[in-house]
Amino acid sequence: MPSEIRSGIAGASGARNPAPPTARGAVPGGNRPTVPGGTSPALVWLQWLFVGFAGVNLILLPSGSDVLPLRVTALVGYSTAVVLSVVAVLRGPERGRRITIVVHLTMAVLQFVFSIPVTLALLGIPLSVTILALSRPRFPRMSTRTRKVWLVLHVGVSAGWLGVAFTMTVLAITALNADSHPVRHGAYELLHVVDLAAAIPSMFLSIITGLVLSLGTRWGLVRHWWVLTKFVISVSIPLVAGTVESALADELALRTVDPAATPGGTGVALTVCLAGFTVALWAATILSVVKPWGRTRWGRAADAREREARRGDPGGTSEPVAVGPA
């Protein structure tokens, strides 16, 4: 058969049986989607672990500290999180994924507040952050105006947090070296007030605004080493503050009621702890300005997926690419 006739037949056959279109977000020549819809077994186990962890906190909260409004808030928060977590697991990977993201994006921050009546709640923060990262959340990019508003808020509250940490360090040094009882005890009492009234709100707002900025801009939460390091610093400080610093401050405020009592080694430990917070926050400030170290492996993988998505969807209609551990 002449080649021209064979070509014509092939063309006609192709017209009658066109090749299937490339799925949105799929890579041409492959079957790997840009945004996976499955859920890893580790994520499911971590969600059940969080349900158990929240249950333990629900048992401890009725006998927690005397801050009744915070205990009620934590009871409602953990109860809601338990119900939604169970629903998310039972609904399956894709339909439950959004519920999981909303629950743990909220709980990663709220558990700072819940830790006031029950210190154990602090351990739920890294658990929620891990579940959130494995869920690989996708967020729309902010407009320039919105980004600037959130950036101003983040810079303002972060600078305030640094100022509060420095103030608490000065108070600890003053109390440690004071010769008079009123100055010594008064400094520790004032330190406790500043901790509750300024340090907790400022760290709470700094982490919220930082999360919004990282997830809503090109920087992402785990794409760049400087952003990831800043986030680790921001989460580590409240963990240490809730488990170590607050206990030291409370002990010193009670001990120095006695005019003959001295801060001793506990006062030194509190001073070192608060000075460490100040140094860590200065390091986070420097990272924000210098932006060192380049992309993480997750950032490089996300960039590769975005390039593949653009090649497979030249019209620019592909869905956003998730950022997180693959």
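Values below: every heavy atom of this structure, side chains too, minus hydrogens, waters and symmetry copies. These figures come from a predicted structure and were not determined experimentally.
Using a 4.5 Å cut-off on side-chain heavy atoms (C-beta onward), Ile200 and Phe112 make no contact. In this structure, Phe277 and Met168 have side chains that are not in contact, with every pair of non-hydrogen atoms separated by 4.5 Å or more. Ser85 is not listed as a side-chain neighbour of Ile131, based on a closest heavy-atom distance of 4.5 Å or more. In this structure the side chain of His192 reaches within 4.5 angstrom of the side chain of Asp250, judged on heavy atoms. Between Thr271 and Pro263, every side-chain heavy-atom pair lies at or beyond the 4.5 Å cut-off. Taking the side chain as every heavy atom from C-beta outward, Trp161 and Ile237 approach each other to under 4.5 Å.
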Determine, step by step, whether Thr217 and Trp150 satisfy the side-chain contact (heavy atoms from CB on, under 4.5 Å) criterion, reporting the C-alpha distance in whole Å, the side-chain angles of both residues, the deciding distance to 0.1 Å, and the verdict.
-> CA-CA 11 Å; Thr217 63; Trp150 280 101; over 6 Å; no
Where do Thr266 and Leu270 land on the side-chain contact (heavy atoms from CB on, under 4.5 Å) test, with the steps shown first?
-> CA-CA 6 Å; Thr266 306; Leu270 178 63; 5.7 Å; no
Side chain to side chain donor-acceptor pair (under 3.5 Å) evaluation trace for Thr169 with Thr278 | CA-CA 8 Å; Thr169 304; Thr278 304; 3.1 Å; yes
Worked check of side-chain contact (heavy atoms from CB on, under 4.5 Å) between Val290 and Trp226 = CA-CA 9 Å; Val290 179; Trp226 73 270; over 6 Å; no
Under the side-chain contact (heavy atoms from CB on, under 4.5 Å) rule, what do Thr296 and His224 come out as? Steps first, then yes or no, please.
-> CA-CA 5 Å; Thr296 64; His224 297 78; 5.8 Å; no
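The environment of Trp219 atom CH2 is dense: over 12 non-hydrogen atoms of other residues, nucleotides or ligands sit within 6.0 angstrom. Taking a 6.0 Å sphere around NZ of Lys291, one finds it holds more than 12 heavy atoms contributed by other residues, nucleotides or ligands. More than 12 heavy atoms of other shown residues, nucleotides or ligands fall within 6.0 angstrom of atom CZ in Phe204.
Residues Ala261 and Arg255 come closest through the heavy atom pair CB-O, 3.2 Å. Considering every non-hydrogen atom in both Leu84 and Ile99, the closest pair reads O-CG2, 3.5 Å. Closest approach of Lys230 and Ala284 over heavy atoms only: CD-O, 3.6 Å. The shortest heavy-atom contact between Ala197 and Pro201 is O-CG, 3.4 Å. Among all heavy-atom pairs drawn from Ile101 and Leu132, the shortest one is O-CD1, 3.7 Å. Considering every non-hydrogen atom in both Gly242 and Leu122, the closest pair reads CA-CD1, 3.3 Å.
Note: Gln111 CD to Ser128 OG = 4.5 Å, rounded to the nearest 0.5 Å. Distance check: Leu105 CG to Thr100 OG1 gives 12.0 Å after rounding to the nearest 0.5 Å. The distance from the CG atom of Leu49 to the CD atom of Gln47 is 10.5 Å, given to the nearest 0.5 Å. We find the CG-OG1 distance between Leu252 and Thr262 to be 10.0 Å, quoted to the nearest 0.5 Å.
A side chain to side chain donor-acceptor pair (under 3.5 Å) with Thr256 holds for exactly one of Arg184, Glu189, His185, Glu251; it is His185.
A tilted orientation is assigned to the rings of Phe50 and Phe53, their planes being inclined by 30° to 60°. Between Tyr78 and Phe114, the angle of the ring planes lies from 30° to 60°, which puts this pair in the tilted group.
A single hydrophobic cluster is seen to contain both Leu205 and Leu211, as judged by linkage of ILVMFWY side chains at heavy-atom distances under 4.5 Å, directly or through other members.
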